Number of protein chains: 2
Amino acid sequence: MRWRDLGGEECSVARTVSVIGDRWTLLVLRECFLRVRRFEDFQARLGITRPLLAARLRKLVGAGVLERVAYQERPLRHEYRLTPRGLDLHPVLMAIVHWGDTHLAPDGRRPLLHRHKPCGHLFDPVMICSECAVPLHAREVTVEPGPGGGSRTPHRAAEAEPPSPRRRARRPGATSSG
Amino acid sequence: MRWRDLGGEECSVARTVSVIGDRWTLLVLRECFLRVRRFEDFQARLGITRPLLAARLRKLVGAGVLERVAYQERPLRHEYRLTPRGLDLHPVLMAIVHWGDTHLAPDGRRPLLHRHKPCGHLFDPVMICSECAVPLHAREVTVEPGPGGGSRTPHRAAEAEPPSPRRRARRPGATSSG
DNA sequence: TTGACGGGTTCAGATTTCAAACGCACCCTG
DNA sequence: CAGGGTGCGTTTGAAATCTGAACCCGTCAA
């Protein structure tokens with residue numbers, strides 16, 4: 001499977017990963033949520049190379065996560081801002097930050113603290129069940145096929161493949177007949 | 001900045017990305033949360049090449065996200081299972097899945113549904129503030145430096161760099177005493 | 001002894017990513 | 001209008017990574 005095929009996978013993780021699943025994209029998005037909007041600013045803050053930044057921004061715009069809007073006319077200049085779809089990535093970033101804070105910060109010394117404006121407190125993000133509002137635990141979640149899943153397993157249909165050699169065609173001339 | 005330097009960055013996003021920030025790692029983790037544990041199973045379900053799978057598993061074990069435990073003695077065989085640290089990545093995966101379900105599923109037809117065992121309902125993950133329990137919105141969150149952040153800005157210290165050529169060495173001697 | 005299974009490793013060749021230089025439109029100065 | 005500066009990206013080779021296929025190892029079943 002190639003990366004560019006990921007978007008066609010029958011799995012929301014794969015599809016999302018095809019949009020944000022590389023090292024730079026997530027860092028670009030981090031900057032977006034920190035109100036960075038301009039090419040030069042992304043470049044200076046991240047140390048990303050210009051070609052890669054241009055490619056990432058183009059991809060994110062194409063995915064509808066960012067939009068390119070003019071902030072001045074002459075000379076024409078654009079900035080990149082999060083669309084509603086991009087803003088919806090906030091929980092992903094918060095979850096990532098929280099995991100890093102919890103498990104990768106030396107001595108638990110967090111690089112950044114988050115404050116919730118409505119209540120005014122420093123906070124941690126907590127993921128809850130939309131139905132019963134209880135915090136989620138991995139072991140208490142099960143999956144089942146949804147309307148967009150055509151196969152019998154919750155994954156991609158591993159068995160629906162064409163009659164490919166079992167695992168890795170061990171012997172060059174062994175698969176002549178069964 | 002190289003990928004391998006990311007772990008040293010003063011940012012939890014960068015540090016987390018250095019662990020999970022590539023296309024395959026997130027898909028491997030998806031399978032882990034779906035109770036897949038064995039090399040051959042990962043390989044068959046994902047279509048990942050063997051060398052890459054081996055490298056990813058090794059990396060995740062090294063990061064303490066997975067552990068390699070024997071499930072039989074003769075012949076000695078191991079399986080990969082999530083550690084507590086790995087289980088803590090659940091919100092990241094849930095956030096990713098939810099975004100994909102919301103924005104990338106054709107006609108909103110989700111490939112997979114999630115059920116919360118304690119309450120028995122199909123659910124969506126919701127991220128709330130740990131202090132006031134209100135759902136988070138990107139625009140209502142601000143950041144400030146934490147104990148693990150040494151610089152004046154909430155980002156990495158863009159000015160604290162060694163005297164490297166600016167970006168494109170435009171003006172050789174401009175910042176002599178700043 | 002041969003074949004199969006589970007779990008990897010090695011190796012050559014195709015992609016991607018990197019870093020630096022270059023191009024272009026525009027503004028300001030003289 | 002020439003000359004220099006800015007903002008934003010593209011082109012260009014070299015370096016790193018990924019892919020695909022084969023190979024190796026230990027054990028068991030026939």
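So that the names make sense, note that chain A is the first sequence line, chain B the second, and so on, each numbered from 1. Remember, it's a predicted structure, so these values are computed and weren't measured experimentally.
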Whole angstroms only, please: what is the [atom1]-[atom2] distance between [X] and [N]?
| X | N | atom1 | atom2 | result |
| --- | --- | --- | --- | --- |
| B:Leu57 | C:dT9 | CG | P | 10 Å |
| B:Glu40 | C:dG7 | CD | C1' | 6 Å |
| B:Leu52 | C:dA14 | CG | P | 18 Å |
| B:Arg50 | D:dC23 | CZ | P | 14 Å |
| B:Arg68 | C:dG7 | CZ | P | 10 Å |
| B:Phe39 | C:dG7 | CZ | P | 8 Å |
| B:Leu53 | D:dG20 | CG | P | 14 Å |
| B:Asp22 | C:dT15 | CG | C1' | 15 Å |

Hey, does the side chain of [X] come within less than 4.0 Å of [N]'s phosphate (OP1/OP2), counting only N and O?
| X | N | value |
| --- | --- | --- |
| A:Tyr80 | D:dG9 | yes |
| B:Arg56 | D:dC18 | yes |
| A:Trp24 | C:dT16 | no |

Scan residues 112-127 of chain B for pairs that pass salt bridge (charged side-chain N to carboxylate O under 4.0 Å, His left out), counting only residues two or more places apart or in two chains.
A:Glu144-B:Arg115, B:Arg110-B:Asp124
Does anything in residues 126-142 of chain B form a salt bridge (charged side-chain N to carboxylate O under 4.0 Å, His left out)? List the pairs, not counting sequence neighbours.
none
Begin with the C-alpha distance, continue with both residues' side-chain angles, and end with the deciding distance and a verdict on side-chain hydrogen bond (donor to acceptor under 3.5 Å, both in side chains) for A:Arg77 and A:Tyr71.
CA-CA 6 Å; A:Arg77 292 283 178 267; A:Tyr71 66 90; 4.8 Å; no
Using a cut-off of 4.0 Å on non-hydrogen atoms, how would the nucleic acid contact of A:Phe42 be classed: base, sugar-phosphate, or nothing?
nothing
Short side-chain to backbone donor-acceptor contact, A:Thr25 and A:Gly21, under 3.5 Å
no
With B:His90 via side chain to side chain donor-acceptor pair (under 3.5 Å) - residues at least two apart:
none
My understanding is that only residues two or more places apart in sequence, or in another chain, count here; which of them pass side chain to side chain donor-acceptor pair (under 3.5 Å) with B:Arg35?
none
Which residues share a side-chain contact (heavy atoms from CB on, under 4.5 Å) with A:Ala63, sequence neighbours left out:
A:Val19, A:Val65
What are the atom names and distances for every N/O pair under 3.5 Å that joins the protein to nucleotides 26-30 of chain D?
{"from": "D:dG26", "atom 1": "N2", "to": "B:Arg77", "atom 2": "NH2", "distance (Å)": "2.8"}
{"from": "D:dC28", "atom 1": "OP1", "to": "B:Arg74", "atom 2": "O", "distance (Å)": "3.4"}

